[in-house]
Asks: 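Structure in structure tokens, see below.
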Amino acid sequence: MDLVQMQKSLQDYTKSLFLEGVLDSQFLQLQQLQDESNPDFVSQVVTLFFQDSDRILNDLSLSLDQQVVDFKKVDPHVHQLKGSSSSIGAQRVKNACVVFRNFCEQQNVEACHRCLQQVKQEYYLVKNRLETLFKLEQQIVASGGMIPAMELGF
Amino acid sequence: MSLFHVVEFCLKIGQLFWMLCCWLVSWLIDDKSPLPVGSVGDPDKTKMKKNHHHHNKMCFFWNKISTSGFKIPTFSLHPVRFGKNWWKKVVVAWVVLWVLISFWTFCYFSSQAMDKRKETLASMCDERARMLQDQFNVSMNHVQAMSILISTFHHAKFPSAIDQRTFSEYTDRTSFERPLTSGVAYAVRVLHSERKEFERQQGWIIRRMDSFEQKPVHKDEYNIEALEPSPVQKEYAPVIFAQDTVSHVISLDMLSGKEDRENVLRARKSGKGVLTAPFPLIKTNRLGVILTFAVYKRDLPSNATPKERIEATNGYLGGVFDIESLVENLLQQLASKQTILVNVYDTTNHSEPISMYGSDVSADGLEHVSPLNFGDPFRKHEMRCRFKQKPPWPVLTMVTSFCILVIALLIAHIFHATMSRIQRVEEDCHKMKLLKKKAEAADVAKSQFLATVSHEIRTPMNGVLGMLHMLMDTELDVTQQDYVRTAQASGKALVSLINEVLDQAKIESGKLELEEVRFDLRGILDDVLSLFSGKSQEKGLELAVYISDHVPEMLIGDPGRFRQILTNLMGNSIKFTEKGHIFVTVHLVEELLDSSDVETSTSTENTLSGLPVADRQRSWQKFKSFSSSGHRSFALAPSEINLIVSVEDTGVGIPVEAQSRIFTPFMQVGPSISRTHGGTGIGLSISKCLVGLMKGEIGFSSIPKVGSTFTFTAVFANGMHSSERKSELHNNNQPILSEFKGMKAVLVDHKPARGQVSRYHFQRLGIRVEIVSGVEQALRFTTTVNIILIEQEVWSKEADVFIKKLQKDPLVHSPKLFLLANSIDTSISDSLRNIIDPPVLIVKPLRASMLAATLQRGLGIGNSETSQQKGPPALILRNLLLGRKILIVDDNNVNLRVAAGALKKYGADVVCAESGVKAISLLKPPHEFDACFMDIQMPEMDGFEATRRIRDMEEEMNERNKTGESLTVEESNRTRWHLPVLAMTADVIQATHEECLKCGMDGYVSKPFEAEQLYREVSRFFSSPSDTES
């Protein structure tokens, strides 16, 4: 594929992520933090986020499947997920977490299950998209191109 | 006697009451006793209670309270239940009581009436009995006298002086003496031996009487000849004389009649008058009594024996008393005969009294019996009297008792109504309390909602603002920078507006407190102006600000709140103004009062846009602090600055009917307003509160379709006395000012008011400005000035002339042309395209920074150094953080990474820790870190706790230092250990902030980092690197 075209498609793809609300400005800030001294910063952080989130979601599923759900255990997990998702700018995951925490407070098991599904769904969405994004970036880098800076104009 | 009855009755009533009361009390107690058991209620005890229930309820009740530990609920439940129902019982008791009382009254009075009736009856009866007795006695006496007459003139004389004719004549003529007798007859004693002689002498035979008695005959059929001759007897008593009325009894043997015989025998034995039992009389067949006197041969002594008396008997005188008619005659002589029924009975035989007079009609039960004594001890008579009529209805008594009852019922009803009303009111009150609680809950919910929503809005806004910051860091030209700054200011204003919505609640609860910080008033106004510049340019409005020179550069007060008031007022003005101008003026109150003619003339020419405006002075006429005499009625401390700010617009104005309520929260002029213009309607009310907090007042004057002018006063402290701070804070403006100092300009404007304002802004930059009204005049200055400023209006009219002039006379050193315009009009920019060296467009509103930037660009003065000096926060941050060793504590790896990345970007040396415990182990004094960023919410040990521990350790170390235990010189150099610890938190709630400070943190930054906030917090601890090096 043509390099320019690839750059263009990466740009479009990133834009679409913002338009869909999968990512928010925090992700841009994250990208700003990446520079020569720390070239893989974004992918490192995001990978870390994936590892953490996979573990948290696993724990959450286990906790919620218990006979007696211990909300004192569930809530910190959700909190952590919310914190990390807001840090990388995974807006929709974060929003789902906010709703989740509300139901945790109410100790509503059924709603919590629903929320967990929602969070998982959002998480897999963002994971999928980000992985695609990184793949695109890698392709560009591999073909010797620069990753275009994001525009702020949308 | 009757008194005794009444007393007894009263006692009975009293007993009844007592029993009633006992019953009521027991009823009340009974009613409440089961209740506490139910509420205490463990099932065993309740069962037990049921078993014991009938034995000793009360006793168990008390035992129960003392044994079960639930004293408080039992007793607290009591009054509730008791209080609800006690009055109903009182009402019932009251009604019962008064029914009884009225019944008692009725009984009492009617018994009294009865007694009186009885008394009347007794006296009447006695009176009649006495009369009857008297008259009878009179008759009896006379009969006795007649017996003496007979013994004297019949037996003692011989031959007899009396024969039948004489006797009947005499008796007839003296019958008035014996009113009760219907006839008198005399029977002589004849022995059997003398019978023949006697019969012959008299010429008739003695006849018997009993057959007569057996078959009573009718008067007309009576035939004396039909009677049988008397059988042979020992002796006879034939009647020889008789009064005409009874002449039919002549020749009848009195001893042959059963009653008569008995009478005769008794009479001669006793020598007194003797009465027969009443019996139907012969012939008349009416009920009668016969009085018999014996006639003796000689005068007997009173103590003669019966035998002597029988011996001496000569004959018998009998008087017939026709009781019926006689009593009737007698009673007719008395008054009130109609009211009373009289019966006379012979009660010799007690078991069956013989009625002598009167009908047997039974009236009511009331009867009075008076004994009668007719002088015959053997016979007993009595008179029974009854009332003819039944007693009249006791109307008075009934009415009285009924009235008592009615009154009592009325009282009961009033009481009942009152109590039920009270109860209803209590219930309503209770309901209202519930509603109030609900409303309060709703209020809380509202606040929570606002907090949540504003928080949710704040988060994306942080993104926007952060991006703008980053944009500022990039290489931008001056215009772009101005755009970005405007966008940023607008965003910040939005965030602050969100906060202001929250403030409303705070203001309402009186929790709002004003800050006391130094601020630059002109800077604030420039900011506010930039905020609205976009809108005003869009609408083509003239937006201008004028600040009096007397107002100090720096003031101490709450700039945020001041700005908030201004934003509100100007926001409203912008919203409702479609053409014309919005003009903000700031003066000292003293200025306006001393020379009240400062810009107060309202002639149309003198306003900014030439349109008429509402009279400014009227807007503060109502201010309390401005007494009518124009003198200030309040005294200010010398350091206090009393500002008066007016916002004048040429908008639609406020309808007169709405003017009274525009300061009410959530009130807008009409519902259509909020549809067309939006807004919550709380702005003015917040402004009013804030002005109040600033010890000022707010007022307005408005003319519909002309415009409104809002004016408020506010008291600030003078911030000018520390001069060294001033220069430091003004370093932003200072270089710009110096650049333009000494320049001269000419302003072409035909409106003096607008010209004044424009001149004011240029003078702020140090440029001297001359105002001329036409282009021609301006051309005279071309050689002497650096700048020519032309109002857009003038330009569009006279541009051609001007251009021609300029082209015709090319100047060696021509002044730069600037156009002052309200909006970026395409026509203007088109017209500018045709000229060589086109004039630079200055788009209003005029602000110092914008003006400076545009002039710099237009005049070609380099601005590179200024931007360097101003320095975006990112660069300063880099300066501050470069080489600093910073510890970041967060349990969330991702957050940790991001935060570390951010700080690393500013050149800091970052160490990470995943938990509070690890952080403490790293942060043992002596510290090797310059600062610590700590997450608050962490498992095991949260940020508060960790900070507390660190502070404790530091405290310990400091103590040791004091006591000289320090080991190294380096340590002793530092007098106190205090590591700056900053909280990292996602929610920026006031409470969290306070909590942060309480446990020893130095501040907080929101997660994710915002450069400016980070800078603000960090700069408090780190001085610039140059300081540390030196």
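Because the structure is predicted, anything quoted here is derived from the model rather than measured. Chain letters run A, B, ... following the sequence lines, proteins first, then strands; residues in each count from 1.
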Asks: Report, as yes or no, whether the 6.0 Å neighbourhood of atom CD on E440(B) holds more than 12 heavy atoms from other residues, nucleotides or ligands.
Replies: yes
Asks: Considering non-hydrogen atoms only, spot the tightest contact between D891(B) and Q80(A) and give its length.
Replies: O-NE2, 3.0 Å
Asks: Please look at F41(A) and chain B and tell me whether the side chain, the backbone, both or neither of the residue comes under 4.5 angstrom of a heavy atom of that chain.
Replies: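 Only the side chain of F41(A) comes within 4.5 Å of chain B.
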Asks: Check whether more than 12 heavy atoms from other residues, nucleotides or ligands sit under 6.0 Å from atom NZ of K885(B), and answer yes or no.
Replies: yes
Asks: Out of curiosity, S84(A) OG to N895(B) CG, how far, rounded to the nearest 0.5 Å?
Replies: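 Nearest 0.5 Å value for the OG-CG distance: 6.0 Å.
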Asks: In Å, rounded to the nearest 0.5 Å, how long is the span from CZ of R897(B) to CD1 of I88(A)?
Replies: 13.0 Å
Asks: Checking L48(A) against chain B: side chain, backbone, both or neither under 4.5 Å from a heavy atom?
Replies: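 Contact with chain B involves both backbone and side-chain atoms of L48(A).
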Asks: What do you reckon, is NZ of K535(B) surrounded by more than 12 foreign heavy atoms closer than 6.0 Å?
Replies: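 Open.
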Asks: Between D52(A) and chain B, which part of the residue has a heavy atom less than 4.5 Å away: side chain, backbone, both or neither?
Replies: side chain
